[in-house]
Structure formats: structure tokens, C-alpha cells
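Just below is one structure, and these are the notes that go with it.
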Amino acid sequence: MVWAQNALSTDWSIQHGLTVRPSSSFIPGEVDKSGVLATTAPVTLFPSPFPESCFRQGHFLQTTYNELYAAISNDEVWIEEIMKGLIEVDDFIENLWKVHQSVKEEGYVQQLSLGLFRSDYMLHVPSSHELLSLRQVEFNTISSSFGGLSVLVASLHTHLLTFADPSAHLAYPDHPLFEAREAGSAKSNSQALPSDASVNVPPINDAVQVLQTGLSAAHEAYASSKSEPKLPLCVLFLVQDNERNIFDQLALSSTLKFPVFRLLTSQILSHTSIDSDNHLRPLVYTPPSSPATRFEVTTIYLRALYAPSEYTSAESWSARLHLERSAAIKCPSVLSQLAGCKKVQQVLTSTSPDHVRRFLPDASQSTLSSLRSTFAPQYDLDPDSEGLAIALDESRAANHVLKPQREGGGNNIYRTAIPGFLKTLPSREHYRSYILMELIHPPAEAKNTVLRSDGTVVSGNVISELGIFGACLWRQGERAGDDDTRSGFEILHNEGGGYLMRTKGKDSDEGGVAAGFSCLDSVLLY
């Protein structure tokens, strides 16, 4: 049975582009010197069971989370207060803040910002054996990936569940979860199935549509060319050199109704320019394939520049400043990137003062309660704080994770390793670079089978992480006073939808697919 699923999955993935560039551990660079090879993305052979109530809660909250982080990005004074301690001990945060300060001194020429967000959750089983609940792992404000491939995984699992005969899941063994659900349950792919289909399939995954609609909203809001003479308009996808996840990105860009170009971070300064005589500072892109052709960039979508390792020189920071000071709409801006720091997530869990209510003054109490229920207990590591006491006590630290202000996976310190790690830091001042979060305890009995990119099949106990995508376009306001954070602040587009399910071995702490820790999955609701 597993062999049949393996073959069906591999063939379907290659046919439909559920693929990635191979890692060097699978295909050495000397074998693929031209970078022409691709392999199937790592996937589960079965969709993972997920409670419908938690799935619905995540989708319901996404537009509220979008508004929350847009409002935070709008409040420079609040962000500066939160970042102040980090700037003193974290060079990466300090340099991002310097970019913002430089543009602020010159004057921002673009008041619109776009966020293509993803809120990541895990199911939590309380020690009191209460019902499963949804706990937020993190909120991503930059390079929220796998929207494109996650849609394909849901389609793959639907294909396997309906293979050969939609009324009988021939590729899978019998199981109650595979039986058709009652009418009124969360929307599924049923419109793509025959009316007599009697199987439960993953919910529709409209992540690509949500993300594309956000990009289209920004492109349209930019309006007309600011160049003289007028130039045709385009969107730039800013990507890493040797990007392995290119097919996920192409799923977003290839069907948009306007010109989209991919630009390597190493080529920002050589292929884009800003006319020093134009006070509006439009960003002009010259495609290397056509040096005589020029486009004006409406929107810059960053699928890169989220990690310190990507800023390899002073020129890298000059390139980021170059983009930030331009008239192009940034996704994200530097302020939005900083809003996604783990420190902000930790501060939001405080109810004294109530930052969430401050940024969401119009939200209902029930919505705020639902949002706060997704918060895991989190602490700073200030001197004499409760968080520091926990982090330095091995027995208490055993139920926690230490998080730096970083993205991309592989950065966290877990459990009893926390006290020893803190002692390796240069000084206690550097403790402020981290926040402490209580561990989320997922269901222990979950199992699945993983098909890795190299064809290896592994079965066993797993844990999963659900991400909900969101798109938000807003106009920055001006702070009129200590209590006025939203003067002129206006949300122009706000949408949530689509999902990413990632599954990994139970004993693996990290969860990044691109970093090699987990695989792509979909859900079966129950």
C-alpha cells in the first residue's frame, strides 16, 4: 500500500510542479553545476487529522491579526520603545533600525505598506486534559513561504483519496476519517468531485488566491507612473541566490495579470535605480535580458533579506536602504519586518498595559478573547525577571524554548540546554536578545508517513504546525499624540485564507521545510 502511495505521490508531484531544487546533500553541486535539476518536495503520504473548531478559529482570527500587525507597523514610537533594548545588543536589529532612521530623516515618499503574513499555530494539549486548543508559535511578517506548494499538497492528498474511484479511497486503507463528512462542515474540494463522492478530502486551500489578491491590491493602489517620461509598471520578487524554493514562488508570480520579475539580492544595485532629480523617487528596474527596456516598480515582495547571513557586506545594507527609500510599496517595510520580531510577540502577551486592545480599539471582546487564547505564556529576560529565573533553572527551563529575533528555522534553544547556552553569551546584557516561551504540547499519538525528496519513506509519531495566510494593505498614519496611534491610518485591503500544514518527526524541535526539518502536509477535519 505504501509503495503504491509513494509512486502515485511522486508521479503526481512531478506532473503538477510540487517540487523544489535539490539540496546539496541529495545532489552535490558538482553534479548539477548549472542548477537545472528539481526533485519532489518532501510531503506526507496521508493528510493529518485536525479539529475543525481550531481550524475555523485560525481562519477567523487572521484578519484581526493582520490589522494588529499593520497597526503595530504604523506606530514607529511604540516599535522604537520595544526595540531599544535589542538595538544595543543585536547588530542585525540595529542595522535594520538604522535603515528606517535614514529614510525617515530624508523623508518617506511611500505611505502604503503591504503585508503578506502567516500566523503559525500548533495544537496544545493542556496538562489538565482539557480540550485541544490552538496556540500561536509565531507571526511571520517577511517571506511567508509555501503558499504555492501548500495548495498543491491539498490537491495531491485529494487525488490520493479519490484515486480511480471517488466513492472509495483505493489508495488508502479504511479509516473513519476518510468517510464523507456531513453537510455544513468546513468547505472542501467537493466542487471538484462527482456528486456521488463519499470521501472526506482536505479543505479548499486558497492561499495562492489570497496572496495574489494582496499583490494585485498593492499594484493597483500605486496608481500611475511617477517617472518622466512615464514607464510601464511591474512588481519585483526579491529572491536569494541559489533559491531552492523557486517553484513555490512561481506559483504566485506566473499567473498575475501584470509584469513580474525576479531579482536576486546580489543584483539590486546593478539592475535598479532611483533618479536623483525626481523627488518622488520611483524605483526603476532594467531587465538584464533587455537593457534598453525600463519598468517602474510598484511593489517589492521580499522573499529574502530576513536573515543576518544575507547581509554579507556594507553593499548589502546599501541595497536594502536603496529599496526602502524608493517609492515602491514594500512587502514588508523595515518597520513591518521589525514588528515580526519575537520580542513584539512576547510584549503582546502582557495585559498590563493592554497593548492588544490599544492597537485594536474596535475589536469585540469575544474576538480579543479568542485572539488572546492563542498566546502561549512568554517572558523577557530582564534582570530580576520571572523569565530569567525560569531560564536559569534547569528544571523550570525544561518546559520552555528560548527564541532569538531571527527567521528561517534552526535558531531556537530548547529545554534543559537553555541555562548552559545563556552562560555562553558575552554578558547578561545579551540575554535581552532572546525571549522565553512556554512549550506547546501537541497530541502525542499522531502518526504519519513521510516521503522525502530523496525518495526515502519514513513512518512514525509526528507533530504538525498549521499556518494561516493573510494579506493586508494599509496607509501609514501620523502619530498625533501619546494616545493617538491611528490618525490617518487606513486599512485598504484585509483578507485571510489558505493554509500551510507542516509535519515533522516527534523528536524534532525545529519546523522549517526549507531548512530541512519538516515536510509539507494538508489536513482532514474532524
Side-chain angles (χ1 to χ4, degrees), residues 2 4-20 38-50 52 55 59 118 144-172 175 177-181 185-213 245-256 448-453 464-469 497-503 513 518-526:
V2 169
Q5 294 166 348
N6 183 347
L8 286 169
S9 295
T10 300
D11 293 344
W12 191 97
S13 295
I14 294 172
Q15 178 187 3
H16 293 86
L18 181 47
T19 51
V20 294
T39 185
T40 55
V43 297
T44 59
L45 292 181
F46 299 86
S48 290
F50 203 88
E52 182 175 346
F55 188 79
H59 278 82
R118 196 186 70 226
S144 302
S145 59
F146 289 109
L149 294 191
S150 65
V151 171
L152 292 175
V153 178
S155 296
L156 166 65
H157 287 156
T158 297
H159 170 71
L160 292 175
L161 281 161
T162 58
F163 174 71
D165 184 357
S167 64
H169 38 81
L170 300 182
Y172 286 140
H175 193 282
L177 274 172
F178 298 148
E179 302 305 321
R181 306 184 69 228
S185 61
K187 61 181 181 177
S188 72
N189 285 317
S190 57
Q191 77 274 16
L193 301 178
S195 59
D196 61 347
S198 57
V199 292
N200 182 19
V201 295
I204 290 173
N205 193 336
D206 52 3
V208 169
Q209 176 185 331
V210 168
L211 298 173
Q212 286 185 329
T213 302
N245 198 23
I246 180 174
F247 305 106
D248 176 61
Q249 298 167 4
L250 291 176
L252 301 186
S253 63
S254 59
T255 57
L256 288 168
N448 210 324
T449 299
V450 173
L451 174 60
R452 292 177 173 167
S453 294
S464 298
E465 190 170 311
L466 176 74
I468 307 297
F469 291 96
Y499 61 94
L500 164 67
M501 189 72 162
R502 289 173 292 178
T503 292
V513 176
S518 62
C519 64
L520 299 169
D521 195 353
S522 70
V523 301
L524 275 186
L525 301 179
Y526 66 91

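One is the number of the first residue; the rest follow in order along the sequence.
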Which atom of [X] lies closest to which atom of [Y], heavy atoms considered:
{"X": "S464", "Y": "M501", "result": "CB-CE, 3.3 Å"}
{"X": "S522", "Y": "H157", "result": "OG-ND1, 2.5 Å"}
{"X": "N205", "Y": "V151", "result": "O-CG2, 3.4 Å"}
{"X": "F469", "Y": "S150", "result": "CE1-OG, 4.1 Å"}
{"X": "F146", "Y": "N245", "result": "CE2-OD1, 3.5 Å"}
{"X": "V201", "Y": "T162", "result": "CG1-CG2, 4.2 Å"}

Query raised in the report: Listed by chain and number, what are the side chain to side chain contact (heavy atoms under 4.5 Å, CB included) partners of T213, not counting sequence neighbours?
Result: Q209, H493, E495
Requested in this report: Evaluate the criterion side chain to side chain contact (heavy atoms under 4.5 Å, CB included) for residue pair L524 and L161; output intermediate values, then yes/no.
Outcome: CA-CA 11 Å; L524 275 186; L161 281 161; 4.2 Å; yes
How long is the gap from [atom1] on [X] to [atom2] on [Y], to the nearest 0.5 Å?
{"X": "L45", "Y": "Q5", "atom1": "CG", "atom2": "CD", "result": "5.5 Å"}
{"X": "I14", "Y": "T10", "atom1": "CD1", "atom2": "OG1", "result": "6.5 Å"}
{"X": "H159", "Y": "S9", "atom1": "NE2", "atom2": "OG", "result": "8.0 Å"}
{"X": "T158", "Y": "W12", "atom1": "OG1", "atom2": "CH2", "result": "8.5 Å"}
{"X": "L149", "Y": "D248", "atom1": "CG", "atom2": "CG", "result": "4.5 Å"}
{"X": "L525", "Y": "N200", "atom1": "CG", "atom2": "CG", "result": "7.0 Å"}

Query raised in the report: When you look at D521 and S48, which way does the side-chain hydrogen bond (donor to acceptor under 3.5 Å, both in side chains) test go after all the steps?
Result: CA-CA 7 Å; D521 195 353; S48 290; 2.4 Å; yes
Requested in this report: Please assess T40 against L18 for the test side chain to side chain contact (heavy atoms under 4.5 Å, CB included), listing each intermediate value before the final yes or no.
Outcome: CA-CA 6 Å; T40 55; L18 181 47; over 6 Å; no
Report summary line: With sequence neighbours left out, the residues meeting ring pair (Phe, Tyr, Trp, His ring centres under 6.0 Å) with Y499 are F55
